[in-house]
Structures are given as C-alpha cells and as structure tokens.
2 protein chains.
Amino acid sequence: MKFTNSEENYLKSIFHLQMQQGNVSTNTLAATLKAKPASITDMTKKLNAKKLLHYKPYYGFYLSTEGRKAALEIIRRHRLWEAFLAEKLEFQWDDVHEIAEELEHISSKKLIDKLDAYLGFPKFDPHGDPIPDNKGKIKEPRKISLLQMQTDVPCIVCQVGNDSAELLELLKHKKISIGSKLSVKKRFEYDHSLEIKINQSLITISNQLAKNVFVTYES
Amino acid sequence: MKFTNSEENYLKSIFHLQMQQGNVSTNTLAATLKAKPASITDMTKKLNAKKLLHYKPYYGFYLSTEGRKAALEIIRRHRLWEAFLAEKLEFQWDDVHEIAEELEHISSKKLIDKLDAYLGFPKFDPHGDPIPDNKGKIKEPRKISLLQMQTDVPCIVCQVGNDSAELLELLKHKKISIGSKLSVKKRFEYDHSLEIKINQSLITISNQLAKNVFVTYES
DNA sequence: TTTTATTTTTAGACAAAACTAAAAATTTTT
DNA sequence: AAAAATTTTTAGTTTTGTCTAAAAATAAAA
C-alpha cells in the first residue's frame with residue numbers, strides 16, 4: 001500500500017510515541033507533529049478507516065499490525081538513508097536527520113533493498129538505532145522492560161539475560177521460552193512489573209525478570 | 001528560493017521543451033505534463049508572478065534567467081541521482097528515471113554537492129545527458145544548430161568545429177569568438193539558418209556555420 | 001456529586017493543485 | 001473578410017491537509 005507523506009509521518013510518530021511512552025493521545029501526537037489537535041483527529045480518522053490504527057478516545061491510539069508494518073518500513077528507509085549520508089557522503093552523524101526526513105518518503109522497495117545491500121546490510125544507523133530488515137524485523141533484541149508499550153504489540157522472545165538456573169526455572173514455570181509470542185498488556189508504575197499476554201493467558205512478571213527477557217518484533 | 005514539487009516539474013518541462021522544440025505553448029506543456037490546459041494556465045500564472053518565466057499568449061512560455069537557473073538545478077539533481085543509482089546501486093541505466101523523478105525534489109544543496117563529490121563529479125548521466133555543475137553550467141559544449149531555442153537563452157561560445165582558415169575568416173567577420181555571448185532569436189525552417197543576437201546586434205548565420213559553433217549555457 | 005479543567009471533536013474556512021464545462025481570444029481556412 | 005477550427009482562459013468544483021473557534025465529552029477537583 002502507498003501512503004502520502006503526511007500519513008507516513010503520522011504512522012512514524014505514533015510508532016515512536018508508542019515505544020517511548022506507551023500511550024499516544026491526540027494532544028501528544030499534536031505536540032510531536034507540531035499540528036493542532038483538530039488536525040490529528042482528521043488524519044487519524046483517515047488512518048483508522050484504512051485500518052492502520054486502533055483508537056479509544058481518552059485512552060489512545062495504537063497501530064494495527066498493518067500500521068506497524070508500514071511504520072517499520074518508513075523507519076527502515078529513514079535509518080538506511082541516515083547510514084548512507086553519514087558513511088558514504090561524510091555527513092556528521094548529527095546532521096543527517098533532516099535530510100533523511102525527506103528521503104524516507106521515497107517508497108521504491110527496490111531502491112531501499114539495493115541501498116541496504118550497498119551499505120552491507122547495516123544493523124544500526126549513525127545514532128545507534130537499529131535498522132529494521134527488509135521484512136520489517138528489528139534484529140537487535142530489546143529488553144521487554146524497556147519497550148514501554150501498553151498495548152498489543154506482538155513480540156517474540158529471542159534471548160534471555162543469563163543462564164542462571166534460577167532464571168531458567170522461573171522462565172520454565174511461566175512457560176516463557178525462545179520463540180514464545182507475547183505482548184505487553186499493562187505496566188504498573190509502583191513496582192515496574194508487567195502484565196503480559198502469552199499462550200492465550202495473562203501473567204504478571206516482575207521488573208527483574210522483564211529486564212532479562214529480550215524480544216524482537218514481528219513484522 | 002524553494003519550490004513545490006509541482007512548480008519544479010513545470011520548470012523542468014518548460015526547460016526541456018524549450019531545448020527540444022523551441023516553442024512551448026499551453027497545450028504542449030499540458031501534453032508533456034499530462035495535465036489539462038486549464039491547469040497549465042493556473043500554474044504558469046503563478047510562475048509568472050514569481051518571475052520565473054515570460055509568456056506571450058499564442059506564442060509561448062520561456063524561462064527567465066531565474067527560472068532557467070532553477071531548472072538547471074533540478075536537472076542537476078535528477079542526473080546526479082541517476083548516476084548514483086546506476087553506478088553505485090547497480091540499477092539498469094533504463095531503470096533509473098522514475099526513482100530520480102522523486103529524488104530530484106530533495107533540495108538540500110549540501111546533499112547534492114556531497115553526492116556530486118562522492119560520484120567524482122561526473123559530466124554525464126547514464127543516458128549520456130550532461131550534468132550541470134554546482135553553478136548550473138553544463139560543461140558539454142553543444143552546437144547552436146542543435147539547441148533549438150527560439151528565445152533569449154544566453155549562451156557563451158566555447159569552441160568552434162575546426163580551424164580551417166575559411167571558417168575562422170567568417171567568424172572574424174561576424175565578430176564571433178570564444179567567449180562571445182549570444183542568444184538565438186529565430187530559426188528559419190526553409191534553410192535552417194539562424195538569427196542570433198550578438199554584441200547588441202542581430203545577425204544571420206547559415207546552418208553550416210551554426211553546426212560549427214559550440215556553446216555552453218550561462219548559469 | 002457538582003463544578004472545574006482538560007481533552008477531543010465538530011463545523012466551517014483556506015490554500016494548493018488539480019479538474020470540467022463553457023466562454024473568449026486568436027489563428028487558419030474558405 | 002467571414003466562418004471554422006484551434007488555443008487559451010475563466011468560473012466554478014474537488015481533494016488533501018491544514019487551520020480556528022466553538023461545542024461536546026470526559027476526567028479531575030472541590
């Protein structure tokens with residue numbers, strides 16, 4: 001599917017806010033996109049009609065599987081261009097963002113895959129942020145304690161922090177293993193514990209455990 | 001000055017048509033831009049207000065010095081990106097145009113100059129078309145008989161076809177020498193002779209002479 | 001639980017760039 | 001030079017994405 005530049009900017013911003021703050025409200029989006037709340041309502045209505053996001057008023061937006069896939073594609077383009085600018089054209093690493101904001105909207109898949117190959121399939125951009133691969137997967141595992149998402153973003157467990165018998169015992173008991181699909185449902189500020197959905201059931205895991213479970217995103 | 005994508009496409013098309021056919025009418029432009037004549041009237045009004053072109057109804061459009069400068073900048077971007085796509089990303093030479101149509105609208109001067117340097121300041125794009133330098137000059141000399149422009153595009157004589165005594169005598173008599181500024185004013189279909197303005201006066205030169213006078217554009 | 005404050009949406013307007021249909025201007029043909 | 005054909009412009013719409021101002025919905029505070 002093809003999107004307008006504006007639609008792409010919305011998808012990207014929602015994705016980033018979802019990662020950073022979990023909750024994405026109309027006002028929050030308005031602030032990051034430097035637009036008025038009324039404009040946000042208009043555009044998100046459109047994205048909702050296209051099934052790119054879900055929305056519950058006074059609660060927040062979150063991207064659908066489709067929307068997340070699109071966002072990751074845009075982020076991939078952005079970060080690959082940043083890598084190109086810094087590595088090949090010798091831009092300063094802190095000087096690439098603005099130009100990449102324009103380049104990211106050029107959507108030719110062939111172009112991006114060739115650029116990726118030309119750069120040697122880099123895993124990180126010049127700021128150290130991970131570059132999604134051509135299937136939208138971010139290779140770099142991330143601690144679920146750091147993905148501060150409240151909503152249904154599906155992840156796959158790909159690594160655990162250490163091999164201590166105690167950790168493995170706990171993981172076994174909770175039925176969490178490499179390849180398990182899970183999504184973070186709720187975060188509790190009090191003790192930073194998480195409620196996650198795994199194997200069709202909701203379970204709670206402590207912050208300490210969360211710090212030792214690494215996940216990657218589904219495309 | 002910054003232009004919208006649409007304005008840039010108009011400037012570019014007018015430039016190319018001016019080169020190829022001399023005369024650029026509303027309908028001609030409509031055909032090449034795949035737009036309706038009414039749309040052309042609207043946009044050219046805008047470009048005229050911005051002093052990027054001149055226009056006489058039923059005669060044609062031609063770019064002002066400003067407009068030509070802008071067009072050459074866009075063409076420079078387009079051709080540099082084409083060179084990049086073909087040389088570095090290994091695109092087929094006949095497969096680069098469409099993507100370059102998008103890339104050409106990214107206007108960062110720094111980006112383009114760095115890209116130029118990275119490619120080693122190429123003089124031609126993969127189709128063999130000359131790439132304007134960062135001052136808007138096209139290095140490749142062109143025969144004035146081939147620049148089929150009817151209007152005031154200022155050129156500078158930079159080379160003559162051969163050094164025969166007869167040719168040099170004629171050039172001397174007409175006061176045409178390397179560095180002379182001239183512009184083609186009129187073309188006669190009958191014998192392909194040209195009326196050109198040089199040293200503040202109008203003179204006529206034969207097709208045979210025109211074939212042996214090479215010019216480059218002023219920026 | 002009522003009032004107050006905040007958040008979100010609606011309604012209506014605007015600018016850009018395109019369109020259609022019709023009118024006007026100019027050129028070409030007879 | 002009048003009629004016919006062509007070219008160009010005008011007038012009015014449409015779409016996209018934004019805006020302002022006001023209304024409505026919800027959450028927070030008293």
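Each chain gets a letter, A, B and so on, in the order its sequence line appears, and its residues count up from 1. A quick note: this is a predicted structure, and the numbers were derived from the prediction, not measured.
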Of the options [options], whose atoms approach the side-chain atoms of [X] most closely?
X        : options                   : value
Ala38(A) : dT20(D), dA18(C), dA21(C) : dT20(D)
Tyr58(A) : dT7(D), dT26(D), dT18(D)  : dT26(D)
Pro37(B) : dT18(D), dT9(D), dA18(C)  : dT9(D)

What is the separation between atom [atom1] on [X] and atom [atom2] on [N], rounded to the nearest whole Å?
X        : N       : atom1 : atom2 : result
Tyr55(B) : dA25(C) : OH    : P     : 14 Å
Asn9(B)  : dA18(C) : CG    : P     : 9 Å
Asn5(A)  : dA16(C) : CG    : C1'   : 15 Å
Met43(A) : dC19(D) : CE    : P     : 11 Å
Ile40(A) : dT7(C)  : CD1   : P     : 14 Å
Glu7(A)  : dT18(D) : CD    : C1'   : 14 Å
Asn23(A) : dT8(C)  : CG    : P     : 9 Å
Lys56(B) : dT27(C) : NZ    : P     : 9 Å

If you look at every heavy atom in Thr204(B) and Lys174(B), which pair is closest and at what distance?
-> O-NZ, 2.8 Å

Is the charged tip of Lys88(A) near the ring of Phe84(B): under 6.0 Å from the six-membered ring centre and within 45° of its axis?
-> no

Under 3.5 Å, side chain of Ser13(A) to main-chain N/O of Tyr10(A), donor-acceptor pair present?
-> no

Taking 4.0 Å as the cut-off, does a side-chain nitrogen or oxygen of [X] come that near to OP1 or OP2 on [N]?
X        : N       : value
Tyr10(A) : dT18(D) : yes
Ser6(A)  : dT18(D) : yes
Asn27(B) : dT6(D)  : no
Lys45(A) : dT10(C) : yes
Thr41(B) : dT8(D)  : no
Ser39(A) : dC19(D) : yes

Any chance you could measure Asn199(A), atom CG, to Lys181(A), atom NZ, to the nearest 0.5 Å?
-> 11.0 Å

5' priority, DNA chain D, between Pro57(A) and Asp42(A) [closest heavy atom] |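 That would be Asp42(A).
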
Is the closest side-chain donor-acceptor distance between Asn27(B) and Ser25(B) under 3.5 Å?
-> no

